[in-house]
Amino acid sequence: MVKITLDGVLQDVEEGLRLRDLAPDEALAAQINGTAVGLSAPVEDYAEIRWLTFADEKGREIFWHSSSHLMAHAVKKLFPRARLAIGPAIDEGFYYDFEVDAPFSDKDLEKIESEMHKLTSQALPIRRRIFPKAKLEHYYRFSGEDLKLELLAEITDEDVSVYEQDEFLDLCRGPHLDDTSKIGAFKLLSVAGAYWRGDENRQMLQRIYGISFPSRQELEDYLRRLEEAKASDHRILNRKLELFDIYEDVGPGLVLWKPKGTILRKVITDFWTTEHLKRGYQLVTSPHIARAELWKISGHYDYYKENMFFTSIEDHEYAIKPMNCPGHMMLYQSTKHSYRELPIRYAELGTVYRNERSGVVQGLLRVRGFTIDDAHIFCTPEQAPSEVSDVLDLCLFTIDAFGYKEIKVELSLWDPQKPEKYAGTPEKWGHAQQVLEQVLADKGVPFKRMDGEAAFYGPKIDIKLLDALGRPWQASTIQFDFNLPERFGLIYVAEDGAEHEVRVIHRAVLGSMERFIGGLIEFYMGNFPLWLAPYQVAVLTVTDASKEYGAEVATELIDTGIRTVTDFSSEKIGAKIRKFENEKVPYMLVLGEREVKEGTVTLRRHRVGDMGSFSLPDVIRRLKKEIKQRR
RNA sequence: GCCGACGUAGCUCAGUGGUAGAGCAACGCUUUCGUAAAGCGUAGGUCGGUGGUUCGAAUCCACUCGUCGGCUCCA
């Protein structure tokens with residue numbers, strides 16, 4: 001007998017068992033003393049066993065990883081010449097990269113899928129085996145798996161583990177499912193090119209993305225959710241909301257804001273401006289183009305040139321600004337500063353243009369011309385902690401004001417192994433990184449440490465919001481910049497009478513107006529809260545007889561600053577209501593004979609329905625209150 | 001930029017070598033109506049662009065522009 005702890009309960013079991021002898025049906029794998037293992041692992045004395053199911057993140061990862069092996073197995077059967085690259089589980093599903101002679105088509109995906117079905121129906125056991133590295137090298141050389149050879153060469157261990165199902169074998173740390181029949185339902189979603197090892201100088205591989213679940217039902221639910229998410233895509237919703245347009249003749253990634261979108265920008269801008277002025281920021285404005293010399297000083301000319309647009313004026317080279325920083329640096333540099341003036345906080349809603357590569361522009365989320373809610377804080381090292389803290393407060397306050405509940409926070413730090421890669425001294429980096437981490441800890445904000453992910457000029461905190469498909473997009477960023485103070489020679493005179501280099505904290509709260517609004521559309525599915533809605537109220541007449549009254553009501557609403565649209569046409573009231581429901585206008589006022597006679601208005605709330613009749617002043621009070629609450 | 005898919009009326013889509021279609025939207029007339037679509041009619045497209053194959057091209061081919069999904073990059 002051996003003693004084990006199973007799901008927290010101490011018990012005795014026979015000797016010589018394997019995990020699968022004890023596992024319940026839903027168990028995909030297990031953790032023994034905290035380490036994930038497959039169900040073929042032996043049950044050892046004093047093992048603490050916890051089952052991993054599809055409900056566990058680790059369980060899903062194993063499930064999807066095995067699914068990617070299954071797919072690779074099917075691909076090798078159908079395309080024996082395909083060479084294997086890597087095939088990991090991802091946040092939702094899995095992929096596998098292959099080097100093939102001809103790209104996969106959608107038809108190929110169908111074929112691969114049906115081959116996968118054959119393999120799952122055979123319930124092939126998935127076996128872990130250990131090989132001496134040299135033997136596996138020989139095998140891979142013999143079978144022409146060049147990419148696997150490259151991966152293998154980087155492994156320093158004498159023995160390596162492989163996983164085997166029928167004739168398919170893959171270099172893999174595992175663990176994996178017990179047999180292929182556990183993968184109940186799957187779908188291959190798309191093919192895409194992907195560079196080998198993510199390096200665009202290396203060959204492009206064919207990547208197949210897929211998703212899988214234990215049951216058919218779960219897969220169908222997932223695919224339906226995916227369809228629904230597509231309906232909340234800001235580009236689709238925009239057709240009804242009419243906020244912006246992008247035209248081929250104007251250029252990709254260049255947004256034209258329509259009247260309703262421009263009003264939305266103004267509401268956001270007004271909010272932003274008020275909050276910044278409250279917090280001691282000063283607004284500045286910098287020009288859209290500047291001489292190449294400025295960008296040489298800032299370093300952009302050398303390091304960011306491929307993303308910049310240029311023009312020339314009277315034989316002088318000018319650049320269209322890709323960033324607002326240099327302008328703000330010039331403003332600071334132009335006069336001598338005392339420590340008594342610091343911190344100085346320059347903020348600008350500055351529109352910049354960047355030559356994004358053609359394959360990456362996407363709706364409002366990735367564009368070539370965009371307005372950053374930029375600010376640069378010039379302060380002493382001692383002031384940095386409270387400045388960073390205040391910025392983080394502003395970010396969290398703003399994100400909350402716009403209704404977001406879930407965010408992802410990342411702290412990007414340098415790679416201490418390569419200090420030569422970075423601007424600024426190790427002392428500055430140490431101090432700044434400690435400040436950022438401490439502020440996050442003090443506020444109790446959960447964050448992910450990203451070692452080696454910092455830009456060369458400084459460490460940063462990024463806050464990300466999610467789009468309709470769950471993809472994270474950056475909103476807020478708080479970055480130290482050690483590069484620009486050096487390049488522009490930004491100093492202040494301290495108490496000791498000596499000149500010291502000023503600290504620059506570069507930050508954006510919304511990120512960019514374009515991306516932020518794109519995210520907002522998706523977050524609210526177009527159903528904006530009253531304070532943000534481009535039109536807040538639609539005034540609708542039942543018949544021509546109430547036209548005059550309608551005009552009076554609309555005028556009064558507009559006079560009190562409520563964004564109002566009218567429809568006095570001869571359409572039936574049902575048709576008008578449908579129209580403004582589709583346009584997602586938060587409130588409608590229905591005016592017929594009755595309202596004219598009683599001097600009232602009948603209120604209808606978007607997506608709710610008839611709310612009854614009120615006096616107009618009551619309705620205005622109600623709307624004003626709701627606008628103030630930003631709900 | 002690279003890989004793949006796609007591009008027909010303002011929108012959603014049908015049309016696979018033989019005279020460009022539907023619904024919605026627009027416009028006109030009729031209708032004056034009470035909480036998600038009134039009726040009739042009119043107009044609207046060199047089928048993303050250029051070139052080629054063909055007696056004939058929305059349809060086949062090449063190039064190009066754009067969009068979408070990825071890679072890479074990033075606010």
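Order of the sequence lines sets the chain letters (A, B, ...), proteins ahead of strands, with each chain counted from 1. Since the structure is predicted, the reported quantities are computational estimates derived from the model, not experimental observations.
- Residue A:Ser358 places at least one side-chain N or O closer than 4.0 Å to OP1 or OP2 of B:rG1.
- With B:rA38, B:rA36, B:rU67 as the choices, the nucleotide that has an atom nearest any side-chain atom of A:Pro252 turns out to be B:rU67.
- Put simply, the side chain of A:Tyr247 and the base of B:rG66 share no donor and acceptor less than 3.5 Å apart.
- Here A:Ile372 lies out of heavy-atom contact (under 4.0 Å) with every strand.
- Checked against B:rA75, B:rC33, B:rG66, the side chain of A:Gln474 finds its nearest nucleotide in B:rA75.
- For a distance-only test at 3.5 Å, the side chain of A:Arg515 qualifies as a donor-acceptor partner of the base of B:rC74.
- Side chain of A:Ser546 to main chain of A:Leu591: a donor-acceptor pair is present (N/O by atom type, distance under 3.5 Å, no hydrogens or angles).
- An aromatic stacking contact between A:Trp473 and the base of B:rA75 is absent, as defined here by ring centres under 5.5 Å apart and ring planes under 30° from parallel.
- Atom pair A:Gln362:CD and B:rG70:P shows a separation of 8 Å (rounding to whole Å applied).
- Here the side chain of A:Arg366 pairs no donor or acceptor atom with the backbone of A:Leu364 at under 3.5 angstrom.
- Residue A:Asn582 is in base contact, counting any heavy-atom pair closer than 4.0 Å across all strands shown.
- The separation between A:Phe580 atom CZ and B:rA25 atom C1' is 14 Å, rounded to whole Å.
- Closest contact between the side chain of A:Arg604 and the listed nucleotides B:rG34, B:rC71, B:rA36 involves B:rA36.
- Residues A:Tyr301 and A:Phe310 place their aromatic rings such that the two centres sit under 6.0 Å apart.
- Taking only side-chain atoms of A:Arg357, from C-beta outward, the nucleotide of B:rU35, B:rU72, B:rA37 with the closest atom is B:rU72.
- Within 4.0 Å (heavy atoms only), A:Ala192 reaches at least one base atom of the nucleic acid.
- The side chain of A:Lys572 lies closest to B:rA38 when the candidates are B:rA75, B:rU31, B:rA38.
- Among the heavy atoms of the strands lying under 4.0 Å from A:Gly363 are primed sugar atoms or P, OP1, OP2 only; no base atom is included.
- Backbone-only contact: A:Arg207 has heavy atoms under 4.0 Å from sugar-phosphate atoms and none from a base.
- Not a single donor-acceptor pair, N or O on each side, falls under 3.5 Å between the base of B:rC74 and the side chain of A:Arg354.
- Within the nucleic acid shown, A:Gly592 comes within 4.0 Å of at least one base atom, counting heavy atoms only.
- At a threshold of 4.0 angstrom between heavy atoms, the contacts of A:Glu356 include nucleobase atoms, whether or not backbone atoms are also involved.
- Side-chain atoms of A:Glu571 lie closest to B:rA38 of the nucleotides B:rG4, B:rA38, B:rU35.
- Within the 4.0 angstrom heavy-atom criterion, no nucleotide atom of any strand lies near A:Glu242.
- Distance from the side chain of A:Glu593 is smallest for B:rG34 among the nucleotides B:rC74, B:rG70, B:rG34.
- For the pair A:Ile236 CD1 and B:rC68 P, the computed distance is 10 Å after rounding to whole Å.
- Remark: the A:Glu595 side chain and the B:rG34 base include a donor-acceptor N/O pair separated by less than 3.5 Å.
- Under the 4.0 Å criterion applied to side-chain N and carboxylate O atoms, A:Lys76 and A:Glu145 are assigned as salt-bridge partners.
- A:Tyr209 comes within 4.0 angstrom of sugar-phosphate atoms only, judged by non-hydrogen atoms across all strands, and of no base.
- When the side-chain nitrogen and oxygen atoms of A:Arg235 are compared with OP1 and OP2 of B:rC68, one or more of them lie within a distance under 4.0 Å.
- Among the nucleotides B:rU35, B:rA75, B:rA37, the one closest to any side-chain atom of A:Thr602 is B:rU35.
- Of the candidates B:rA75, B:rC65, B:rC3, B:rC65 carries the atom nearest the A:Glu248 side chain, counting heavy atoms from C-beta on.
- At whole-Å resolution of the value, CD in A:Glu92 and C1' in B:rG70 are 16 Å apart.
- In this structure the side chain of A:Asp108 reaches within 4.5 angstrom of the side chain of A:Phe79, judged on heavy atoms.
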